[in-house]
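Everything on this sheet refers to the single structure shown next.
For ligands, and for the atoms within them, numbers begin at 1 and follow the listed sequence.
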Amino acid sequence: MMVVQLRYNFRVTPDAAQRTALAQAFGCARVVFNDGLRLRQQAREAGEKYLSDGDLSKLVITQAKATEDRAWLGEVSAVVLQQALADLNIAYRNFFASVTGKRKGRKVAPPRFRSRKDSRQAIRFTKNSRFKVLDNGRLRLPKIGDLPVRWSRTLPSDASSVTIIKDAANRYFASFVVTVGEDEMLPPVEPEIGIDLGLTHFAVMSDGTKVTAPKFLRRAARKLKRLQQALSRKTKGSNRRKKAVIKVARAHARVADTRRDWQHKLSTAIIRDNQAVYVEDLCVTGLGRTRLAKSVHDAGWASFTTMLEYKAARYGRTFARVDRFFPSTRMCSDCGRITEKLALNVRAWDCPCGSHHDRDVNAAINIKAAGQADFNDRRAQVRPGLVPAPRSEAVTRQNAARATRSVAGIAVL
Ligand SMILES: [Zn+2]
């Protein structure tokens, strides 16, 4: 049976005492993480062998608590400290896997020290910590208290962990990881679809549907830009600047939230209506360095395709990325003839076979056909392993050893 893990985020509103307790827990988790990192770095510089996870835990948690310097570590939940160390261990493992080439994709940097000034602070509670959602809807966290939660939907089942996050706008979130079974999957449907991610439209589907990013998003982005300019004029270290920083962070968070909501609606509709979804494998990081950067990041395709990917896994649909080795735009989807290069402003073209093509719809049809062919050949460009964890929700294929790992990966939230 296929089992997936989903992440549910809710705003929490701790009172002053709870905020103080949270700040202390963020601090302790950071100290344990940094102590562990320092010990491993020192061992490496001294030419000693890599400190095992178990040894490190003894040194920076168990033994540290007994010292005068670190006695205060005993005042927060031990699980929070262990999970901070687990983050460090994962960061090291990812780094090693990247160095040795076991991990594909972007190079992973070695772990870095965490700072009080990091814009996101996070701590994680697992089942062992006995966190609990109370009947009154509050979230009980050990040594923190009962936090009010703004529930916007119900959790489909008990959460296996909860991460408490404080963002740059000084907002607090509870991010629950919930395991969902196959029985909650959608009934199968007939249609399959290819999606072309373009510059004139956010997305164009093989059935001819064109989706444009809503105007309100563009407006919010413009407002954000004005606030950022205002910020740059404020004197460093001044109170006005501090206020402006928070204002920018809030506006930024609002733009991100709005975009995420819109993308959630769109991706849910696509997954609900189609049995298989194929998208071109855009090298977004590569594109990001060109002058297209701004529009690419505004469009947020990476987060959108990630949503499609995990929702497909969640609801039992097929999702595949199609390698862009073939000229999806220039190939006639009727006869397969390849026409000469099309300038960006050419929106429609005619093939000698008599077919008239809308540039983007034709590309989407080709993507769909390539995806289906790949998939039938069992050479689908489906990424193996974990589905990357987006900020708001994440899913991983159930795998006992790696389940918490994926969550750990989000510690840099
Ligand atoms: Zn043709």
Side-chain angles (χ1 to χ4, degrees), residues 188-214 263 266-296 298-309 311-312 317-383:
V189 289
E190 276 300 313
E192 303 203 343
I193 208 158
I195 306 178
D196 179 64
L197 301 166
L199 286 175
T200 44
H201 294 275
F202 178 79
V204 175
M205 327 267 184
S206 52
D207 65 1
T209 315
K210 296 182 177 182
V211 184
T212 311
Q263 290 187 351
L266 182 61
S267 54
T268 300
I270 291 171
I271 291 298
R272 189 191 55 219
D273 298 342
N274 295 282
Q275 188 60 32
V277 178
Y278 305 104
V279 299
E280 57 190 324
D281 192 3
L282 274 170
C283 180
V284 178
T285 40
L287 261 178
R289 283 183 209 110
T290 71
R291 66 196 170 81
L292 296 179
K294 194 178 169 345
S295 44
V296 168
D298 279 356
W301 292 323
S303 62
F304 178 66
T305 53
T306 306
M307 283 180 189
L308 286 173
E309 190 170 17
K311 285 179 186 178
R317 304 298 203 219
T318 298
F319 172 90
R321 293 176 204 271
V322 178
D323 253 339
R324 252 210 136 166
F325 56 85
F326 75 102
S328 60
T329 309
R330 293 190 290 133
M331 189 167 82
C332 170
S333 54
D334 285 326
C335 70
R337 196 177 275 130
I338 291 169
T339 186
E340 66 269 37
K341 212 162 178 149
L342 298 170
L344 263 178
N345 59 352
V346 177
R347 307 311 317 163
W349 57 283
D350 291 297
C351 177
C353 78
S355 294
H356 177 75
H357 294 300
D358 173 289
R359 177 201 184 104
D360 300 329
V361 175
N362 177 62
I365 294 171
N366 283 332
I367 287 162
K368 177 185 168 186
Q372 288 172 328
D374 272 356
F375 205 74
N376 294 339
D377 285 357
R378 300 204 163 273
R379 281 191 287 107
Q381 300 296 313
V382 185
R383 295 279 164 80

Self-check item: Under-2.8 Å neighbours of the Zn ion (ligand 1), protein N/O/S atoms only
Solution: 4

Quiz item: With side chains defined as the heavy atoms from C-beta onward, is the minimum distance between Asn274 and Glu192 less than 4.5 Å?
Solution: no

Quiz item: Taking the side chain as C-beta and beyond, is there a heavy-atom pair between Gln263 and Trp301 under 4.5 Å?
Solution: no

Quiz item: Asp196 side chain to Ala363 main-chain N or O, any donor-acceptor pair under 3.5 Å?
Solution: no

Quiz item: What are the two closest non-hydrogen atoms of Ile365 and Ser206, and how far apart are they?
Solution: CG1-O, 3.6 Å

Self-check item: All pairs passing salt bridge (charged side-chain N to carboxylate O under 4.0 Å, His left out) where residues 329-341 contributes a residue, at least two apart
Solution: none

Practice problem: For the pair Arg347 and Asp360, find out whether any cationic side-chain nitrogen is under 4.0 Å from an anionic carboxylate oxygen. | Solution: yes

